[in-house]
Amino acid sequence: MTSGAVTPRKSDAEPARQLSPEQAAAAAMVAEARQRGLELTGPNGLLKLFTKNVLETALNEEMTEHLGHEKHRAERGRDSTNVRNGARKKTVLSDAAGEVEIEVPRDRESTFEPQIVKKRQRRLTDVDEIVLSLYAKGMTTGEISAHFAEIYGASVSKETISRITDKVVAEMQDWASRPLDAVYAAVFIDAIVVKVRDGQVANRPFYAAIGVTVDGRKDVLGLWAGSGGEGAKFWMSVLVDLKNRGVKDVFFLVCDGLKGLPEVVEQVWPQAIVQTCIIHLIRNSFRLTSRKYTDALKRDLKAMYEAPNATAAEAALQELDDKWSTQYPALVRLWRNAWTEFVPFLDYDVEIRKMICSTNAIDSLNARYRRAVRARGHFPTEQAALKCLYLVTRSLDPTGTGRARWTMRWKPVLNAFAITFGDRWPAAETY
């Protein structure tokens, strides 16, 4: 027999889900926006209206707290005669909603000091960080201004953007002169070429150094602007600056084989081992040879940098000479010229060798620098270039996951360092 009962719909059987006060307020604003034909986003959308309402409500609450009473609710016989005195219009720049016109309440005695939008404040908090982030990615002040106009419908002049980015100059100077650790397990150094317009556009070297502490932390030690080509003479001033900031000893200094640099390092840190960057040698080797020989050349180069000792590496170099010197004499000359600075790491533990050989720490940093530099093309001044490079450095690894991963990779290496360089280890313990 068929039942005459009708199964209730879900909406009839269950009560409607209760909205939180925040959700209810948002739903009401969305409904109002639809009735008024407003878009949710855009220059005149709901987001701008919402921002305006929130700011004005917060300012009115601040005024109530300041005066001690709601609007038109002043108690009779109170001591203060200060009351509300209308409002003034003010346009602020928000990173989410662009330009927002708000009404800031005033009091008769002009003692009200708003906090959510302070007096003379024109930009809300995150706008400056957005400008600095875009500048660090290589955008010019004009491009950033156009970006704000296009995305947020906001007018931000190039002069305002320049003032925002200039705020980091003092921060950059403090960073560049900060004290450093006394001992570093390894220091990686390199230079990139940046075009700077000083009368006329010229290539200028900008020097960078990364240090790995005895705790395994990676730290960009500094940025320096040079003149002319990259040279050992300027590196001398860089290393002296690091020494003056507290660096007393370095176990390994990894570089690209610049002529005269080992003598400079010996003057600053006599015990430091100057190690040619293996990645640079391998990369330069492939630049000198045809791509069809890549696999064969990989095997021959690997026989040298993975050799068990210096004697075996020299035998592999001789094989490289016999096999390739007729076709690519510059390849063999490259390795023979760098040999004195190439072989030191072969005398050490395999963990040390692995990290010195495979971890070209500064190359990834230079890749970030070059990306920002290519986006700009050239810089009007040396300081503008330094400012851009510093902001790139400042924006590295915002979550800290890369730093944690790096430290974990260096733990086995640090154990080997602690044993090998125990007499120079900056701790009370001996290993």
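The first residue of the sequence shown is numbered 1, and numbering continues consecutively from there. Just so it is clear, the structure is predicted and the values come from calculations on it, not from any experiment.
- To the nearest 0.5 Å, the span separating CE on Met172 from CG on Leu223 amounts to 8.5 Å.
- Counting heavy atoms from C-beta on, the side chains of Thr294 and Phe286 come closer than 4.5 Å.
- Atom NZ of Lys119 is surrounded by more than 12 heavy atoms from other residues, nucleotides or ligands within 6.0 Å.
- By the 4.5 Å heavy-atom criterion applied to side chains, Leu239 and Leu253 are counted as neighbours.
- Ring pair Tyr207/Trp235 is perpendicular by interplanar angle, where above 60° counts as perpendicular and below 30° as parallel.
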With side-chain contact (heavy atoms from CB on, under 4.5 Å) as the test, would you mind laying out the steps for Ile192 and Leu389 before giving the verdict? CA-CA 11 Å; Ile192 66 166; Leu389 296 178; 4.3 Å; yes

Derivation of the side-chain contact (heavy atoms from CB on, under 4.5 Å) call for Arg283 and Asp363: CA-CA 12 Å; Arg283 186 185 297 127; Asp363 210 43; 2.7 Å; yes

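- We find that Arg245 and Asp241 are joined by a salt bridge, their nearest charged nitrogen and carboxylate oxygen being less than 4.0 Å apart.
- In this structure, the side chains of Glu351 and Asn415 stay at 4.5 Å or more apart for every pair of heavy atoms.
- Side-chain contact between Lys248 and Val183 is absent, with no heavy-atom pair separated by less than 4.5 Å.
- Using bins of under 30°, 30° to 60° and over 60° for the plane-to-plane angle, the ring pair Trp339/Phe342 lands in the tilted bin.
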Walk me through it: do Leu288 and Arg333 pass the test side-chain contact (heavy atoms from CB on, under 4.5 Å)? CA-CA 11 Å; Leu288 295 170; Arg333 194 178 306 119; over 6 Å; no

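- Once rounded to the nearest 0.5 Å, the distance linking CD of Glu314 with CZ of Arg336 reads 9.0 Å.
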Are Asp349 and Ile419 close enough, and set up right, to give a side-chain contact (heavy atoms from CB on, under 4.5 Å), and what steps lead you there? CA-CA 10 Å; Asp349 185 278; Ile419 298 295; over 6 Å; no

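- Side-chain contact between Pro205 and Phe234: absent, with no pair of heavy atoms (C-beta onward) separated by less than 4.5 Å.
- Counting heavy atoms from C-beta outward, Gln267 and Val265 have side chains that stay 4.5 Å or more apart.
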Walk me through it: do Tyr369 and Thr393 pass the test side-chain hydrogen bond (donor to acceptor under 3.5 Å, both in side chains)? CA-CA 8 Å; Tyr369 287 158; Thr393 308; 2.6 Å; yes

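- When all heavy atoms of Leu221 and Gly211 are compared, the closest pair comes out as CG-N, 3.6 Å.
- Evaluated for a ring pair (Phe, Tyr, Trp, His ring centres under 6.0 Å) with Phe252, the options Tyr184, Phe188, Tyr348 yield exactly one hit, Tyr348.
- Among Trp175, Phe206, Trp224, the one residue that satisfies the ring pair (Phe, Tyr, Trp, His ring centres under 6.0 Å) test with Tyr390 is Trp175.
- For the pair Val212 and Val413, the minimum side-chain heavy-atom distance is 4.5 Å or more.
- A distance of 4.0 Å separates OG1 of Thr64 from CZ of Arg84, quoted to the nearest 0.5 Å.
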